[in-house]
Undergrad: 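Handing you this structure, nothing more for now.
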Amino acid sequence: MPQVRKMECVTIFMAWPYANGPLHLGHVAGNCLPADIQYKFERAKGNKVLMCSGSDEHGTPITVSAEEEGISPQEIVDRYHKINSKALIEMGCSWGDNVDPRGVEYGGALYNRTTDIRHKEIVKEVFKLLMESDFLEEKTMQQYCSISEDGIIKFLPDRYVEGECPNCGSEEARGDQCDDCGVTYDSNELLNPRSKMNPTAKIEIRDTDHLFFKLNIFQESLEKHASERSHIWKPNVRSMTKNWLNMGLRSRAVTRDISWGIKLPFDDDRWKTKRVYVWFEAVQGYFTCARIWAERFAHKYEHSEGADAWKDWLIYNPDKKQKHIYFMGKDNIPFHTIIWPAIIMAMNASKSGNLVSNSLQNGDLLLENNVASNEYLMLQGGQFSKSRKHAVWLPNFLEEYDPDTLRYYLSINMPETHDTDFRWDEFVDRVNNELIGNYGNFVNRVLTLAHRLESDSNENPLSKYDSLEKHHEKIMEINSLHEKATKSLEKQRFKEALRYIMTISQKGNILLQESAPWKYLNSEESDEKNNSLSGLALGWRIVKSLAILTRPFMPFQSERIWAMIGEKSPIDDVLWQDALSFERNLTWNNSKPNALFKKLDLKEIIEREDMIASEYNNDNEATPSARDKGSEYIQFEDFMKVEMKTGKILSVEEHPNADKLWVIKLQDTPESTRTICAGLKGIYDKEKLEGMNVVYVANLEPRKLRGIISEGMLLAADDGNGNVKLLTPEGDISTGSLVR
RNA sequence: AUCGGGUUGGAGUAGUCAGGUUAUCUCGUCGGGCUCAUAACCCGGAGACCGGUGGUUCAAAUCCACCAUCCGAUACCA
């Protein structure tokens, strides 16, 4: 008898993508895909699953983007929330299933946003609660602000302030640190401070009151929590968390002087210009999202608990099996192992009146069961970057390629324990050789062979050859692979799990090789034929199993198989653990089977990507903002101010304090030399540069570059893709000749 | 320079926290087989002193120390 297991309530949390740009493949590999695989897997196990995430829409970078484009922050986040939620659904993630297809009691998914009015309300409630329970404290800090002519005060983050270093006198010191001498100091020690964004504005230090979350009082509970998790967390999560705890926790500001964000829940005038700091508010999205899901969907679709349905998943109940898994990139680890758990403990202590603790009481909010953080996916060796245009954007990708191929490649190459690379040639290789050659081909072999047997239109011609007892050993092998894949998925080891599943299709290929059913398709009935075709019948069953097992990874092709083998029942009703239930009758679909995937052509792909990249670059050069500011034309007189001359490189030295700089001694006129620091290390070798004739800017104001005065600048062409070429005169000409 | 992460057959990786038989898998490569299938599939072989040195231990890819080297973030830039 199968054991009747209690249904688990599982919550999948995905880190909230920041809504100031489209998602790129780094996001997909790091959080979106693993979260979705886990969601689909937990569903297939029959569990009640809730999945929560959404767009993170507050904070400074969004206001900066808005300013650049001359539109409101709300317009920015509206745009990218729409683009990103659409792209996620198109790549096969289950965010569109607000209500589980099995019924609302089973849960659902919500991709919400932090500008949601209800999110703001709940955050305010929490803020108030923590304030009243004394988890927040008020401190006065000193901060730079710029004051415009009409008296408007704008507070500036440290990194937007520069000035003169109190230690070495360098002109380019930042708000809290000097890069020339490396010293750090309080921002009020900086001399002659100025705003980086608006250097002429008046700037001064003002006192500003802020509220701080007393993170320090959670130190002990968090240490206990971390040690309880030490065998579950991956090494990167463990060590990053340990680092934080070893440094000692300090209180963190939960408010900011900014206008874009959630208002504080106080009427008091002095809080009017402040907003909730985005880190403190965005993590609460997990909590608000679950509640909003219950209010909007559970309630509407008549969940037995109505708007309280979220408690099934989020509130600890010793009689239930409950599990919380969070997915994110490595930069987010401390937020999920330290900060968010601390906030949860604070909320629990506030509500129950108990002391702060990591051990839960009935009715408390649950803490995480695993923080499954991934490392980064790199693009051909470099990090995905929005500002440097170094990325493959998810919406663009989906316009051209089958989402399942992406999901396959990113799953089998997932940055689980260290950074991995996205490479187009590897993408093509893996899809063509593994996904298509091994798996797609196996499915195709089975289906086309079966269709070459004579059949009446409704019955599977393999039924009469079906004989499981002949294949006991093979079935055991496959059973064991299924079991291994399950265990891997339970530990969020997706690469390994998918590898086991692919091995099942490899076993299928071996089975066909051994049975050689093609020999008997049209032959007389015989024992040999019976044996051979029983192998094909088992192959058919394996195809069906694979449709179920690959579903969390590649949902679209799995449905295609389901239709081709003539299964009528929804594939979502089949339980993961029944994927290998071989006792059921064979189904049949009389229409001709199609190949699951199309082969990819690397050459075509490279051409297409080059085209997209050049279009993208052209677009950017012609952005309206650049033209509006009148920066497209300069006056001839302005151009003549720049004095460019020819010179000859005499010698090249290492810079003592910089990675990319060469210190170059230049023959600038026949009689004199000058020193120029050039960022050409790693592009040009020392030997190559020495003796080279170059063009330089002669009348640039000398400037200290990481400690060494640079008197001018070498001219070089840069295509934006890392190709840099120095300008050099076409023939011999004396040094110091004017370039014009 | 500061901080973080790597270094395992030709390439990419598993194993490292909790040390223990022949070091995992994929691709490639070489030889053979099959011919149903999307030039795919199946079998077999070759190929690794686990970055180096020293230490702890009966035993080290795994723990410790030092060194080398690569990558990323930040700063410096064209």
Side-chain angles (χ1 to χ4, degrees), chain A residues 159 172 174 177-182 184 230-231 233-236 238-240 242-243 330-331 375-376 378 381-383 385 412-413 415-421 423 425-426 429-430 432-452 493 495-496 498-500 502-503 505-521 532 536 539 593-600 655-662 676-684 697 703-708 710 713-720 722-727:
Chain A
R159 61 191 162 125
E172 286 94 29
R174 284 185 301 167
Q177 186 186 347
C178 171
D179 294 320
D180 276 349
C181 64
T184 59
S230 68
H231 292 320
W233 285 347
K234 284 196 286 189
N236 57 346
R238 250 191 338 252
S239 63
M240 182 87 76
K242 209 174 141 202
N243 269 350
K330 63 177 160 189
D331 50 333
E375 300 284 304
Y376 287 143
M378 313 294 256
Q383 190 163 26
S385 154
I412 207 77
N413 190 30
E416 286 175 355
T417 53
H418 55 81
D419 296 346
T420 59
D421 232 4
R423 299 164 54 100
D425 54 350
E426 204 196 333
D429 263 6
R430 290 219 183 251
N432 285 351
N433 295 334
E434 299 177 21
L435 182 62
I436 300 181
N438 175 346
Y439 171 77
N441 188 44
F442 167 64
V443 174
N444 197 33
R445 287 173 94 183
V446 170
L447 297 187
T448 50
L449 282 169
H451 275 262
R452 287 175 53 183
R493 301 178 62 119
K495 270 202 261 202
E496 192 178 76
L498 185 53
R499 184 60 63 197
Y500 285 131
M502 293 301 285
T503 306
S505 99
Q506 200 194 339
K507 297 287 177 199
N509 276 318
I510 295 173
L511 171 73
L512 290 188
Q513 186 68 24
E514 289 166 352
S515 316
W518 49 88
K519 289 182 183 165
Y520 303 97
L521 292 175
S532 171
L536 185 55
N594 297 314
L596 282 178
F597 306 102
K598 256 208 227 88
K599 282 224 171 181
L600 300 172
H655 192 293
N657 195 24
D659 271 2
K660 295 185 189 168
L661 296 180
W662 286 123
I676 290 181
C677 294
L680 296 168
K681 216 169 171 179
I683 295 166
Y684 280 95
V697 180
R703 206 181 128 191
K704 219 194 235 180
L705 290 182
R706 297 203 62 79
I708 290 189
S710 177
M713 184 170 138
L714 299 189
L715 293 186
D718 180 357
D719 71 352
N723 295 313
V724 176
K725 296 290 170 208
L726 276 170
L727 299 188

Undergrad: At 4.0 Å (heavy atoms only), tell me whether A:Ile510 reaches a base, stays on the sugar-phosphate, or touches nothing.
TA: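 It contacts sugar-phosphate atoms only.
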Undergrad: Rounded to whole angstroms, how far apart are CD on A:Glu426 and C1' on B:G10?
TA: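 Answer to the nearest Å: 15 Å.
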Undergrad: Can you measure A:Arg493 atom CZ to B:U16 atom P for me and round it to whole angstrom units?
TA: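 Between P of B:U16 and CZ of A:Arg493: 8 Å.
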Undergrad: For B:G54 versus B:U13, give the span between their C1' atoms, rounded off to a whole number of Å.
TA: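 Nearest-Å result for B:G54 against B:U13 at atom C1': 29 Å.
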Undergrad: Would you kindly give the CG-to-C1' distance between A:Leu449 and B:A40, to the nearest whole Å?
TA: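 Interatomic distance, CG of A:Leu449 to C1' of B:A40: 13 Å.
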Undergrad: Does a distance-only test, which skips hydrogens and angles, find a donor-acceptor pair under 3.5 Å between the side chain of A:Arg499 and the base of B:C25?
TA: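 Not at all, since no donor on one side and acceptor on the other fall under 3.5 Å apart.
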Undergrad: Can you tell me how far C1' of B:C34 sits from CD of A:Glu514, to the nearest Å?
TA: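 After rounding, the reported distance stands at 13 Å.
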Undergrad: Suppose you measure atom P in B:C70 against the same atom in B:G12; what distance do you get, rounded to whole Å?
TA: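 Comparing P positions in B:C70 and B:G12 gives a spacing of 15 Å.
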Undergrad: Which nucleotide, in any strand shown, forms a Watson-Crick or G-U wobble pair with B:C41, with both distances under 3.5 Å?
TA: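 The base-pairing partner of B:C41, which may sit in any strand shown, is B:G33.
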Undergrad: Could you work out which one of B:U38, B:U35, B:A37 sits closest to the side chain of A:Lys599?
TA: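 Nearest nucleotide to the side chain: B:U38.
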Undergrad: Take atom CG of A:Leu447 and atom P of B:A37, then tell me their distance rounded to the nearest Å.
TA: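 After rounding, the gap between these two atoms is 13 Å.
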Undergrad: Looking only at side-chain atoms of A:Ala716, point me to the closest of B:C42, B:A78, B:A40.
TA: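 The closest nucleotide is B:A78.
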Undergrad: Name the closest nucleotide to the A:Leu596 side chain, picking from B:G12, B:U38, B:C41.
TA: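 Closest of the options to the side chain of A:Leu596: B:U38.
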Undergrad: Please determine, for the side chain of A:Asn509, which listed nucleotide (B:C42, B:U38, B:U13) has the closest atom?
TA: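 Shortest atom-to-atom distance from the side chain points to B:C42.
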Undergrad: Among B:A14, B:C36, B:U38, find the nucleotide with the atom closest to the side chain of A:Ile436.
TA: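 Nucleotide nearest to A:Ile436's side chain: B:U38.
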Undergrad: Among B:A14, B:A40, B:U26, which is the nearest nucleotide to the side chain of A:Arg430?
TA: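 Given the options B:A14, B:A40, B:U26, the side chain of A:Arg430 is closest to B:U26.
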Undergrad: Considering every strand and a 4.0 Å limit on heavy-atom distances, what is the contact class for A:Phe597: base, sugar-phosphate, or nothing?
TA: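 A:Phe597: base contact, heavy atoms under 4.0 Å.
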Undergrad: If you check every side-chain atom of A:Glu434, which of B:A37, B:G15, B:U26 has the closest atom?
TA: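 Shortest atom-to-atom distance from the side chain points to B:U26.
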Undergrad: Just to be sure I understand the rule, does A:Thr417 reach a base, reach only the sugar-phosphate, or reach nothing, if contact means heavy atoms closer than 4.0 Å?
TA: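 Sugar-phosphate only.
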Undergrad: Which part of the nucleic acid does A:Met502 contact within heavy-atom distance under 4.0 Å: base, sugar-phosphate only, or nothing?
TA: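 Contact class for A:Met502: none.
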Undergrad: Identify which nucleotide among B:A78, B:A14, B:G33 has an atom closest to any side-chain atom of A:Gln513, counting heavy atoms from C-beta outward.
TA: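 My answer, after comparing the listed nucleotides, is B:G33.
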Undergrad: Using a 4.0 Å heavy-atom cut-off, does A:Leu726 contact any base of the nucleic acid, only the sugar-phosphate backbone, or nothing at all?
TA: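 Contact class for A:Leu726: none.
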Undergrad: Return no unless some side-chain N or O of A:Thr420 is found under 4.0 Å from OP1 or OP2 of B:G12.
TA: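 For A:Thr420, the contact criterion (side-chain N or O under 4.0 Å from OP1 or OP2 of B:G12) is not met.
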Undergrad: Considering just the side-chain nitrogens and oxygens of A:Gln506, establish if one lies under 4.0 Å of OP1 or OP2 belonging to B:C25.
TA: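 For A:Gln506, the contact criterion (side-chain N or O under 4.0 Å from OP1 or OP2 of B:C25) is not met.
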Undergrad: Determine, for A:Glu434 against A:Arg499, whether the closest basic-nitrogen to carboxylate-oxygen distance falls under 4.0 angstrom.
TA: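 Answer for the salt bridge query: yes.
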Undergrad: Please report the distance, rounded to the nearest Å, between CD in A:Glu496 and P in B:U24.
TA: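 Rounded to whole Å, this separation is 15 Å.
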Undergrad: Can you check the A:Asn433 CG to B:A37 P distance for me, whole Å?
TA: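 Going from CG in A:Asn433 over to P in B:A37 covers 20 Å.
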Undergrad: Taking only N and O in the side chain of A:His418, is any of them less than 4.0 Å away from OP1 or OP2 of B:A14?
TA: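 So the side chain of A:His418 is within the cut-off, an N or O lying under 4.0 Å from OP1 or OP2 of B:A14.
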Undergrad: Of A:Asn413 and A:Thr448, whose nearest nucleotide on RNA chain B comes first from the 5' end?
TA: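 Its nearest nucleotide being more 5', the pick is A:Asn413.
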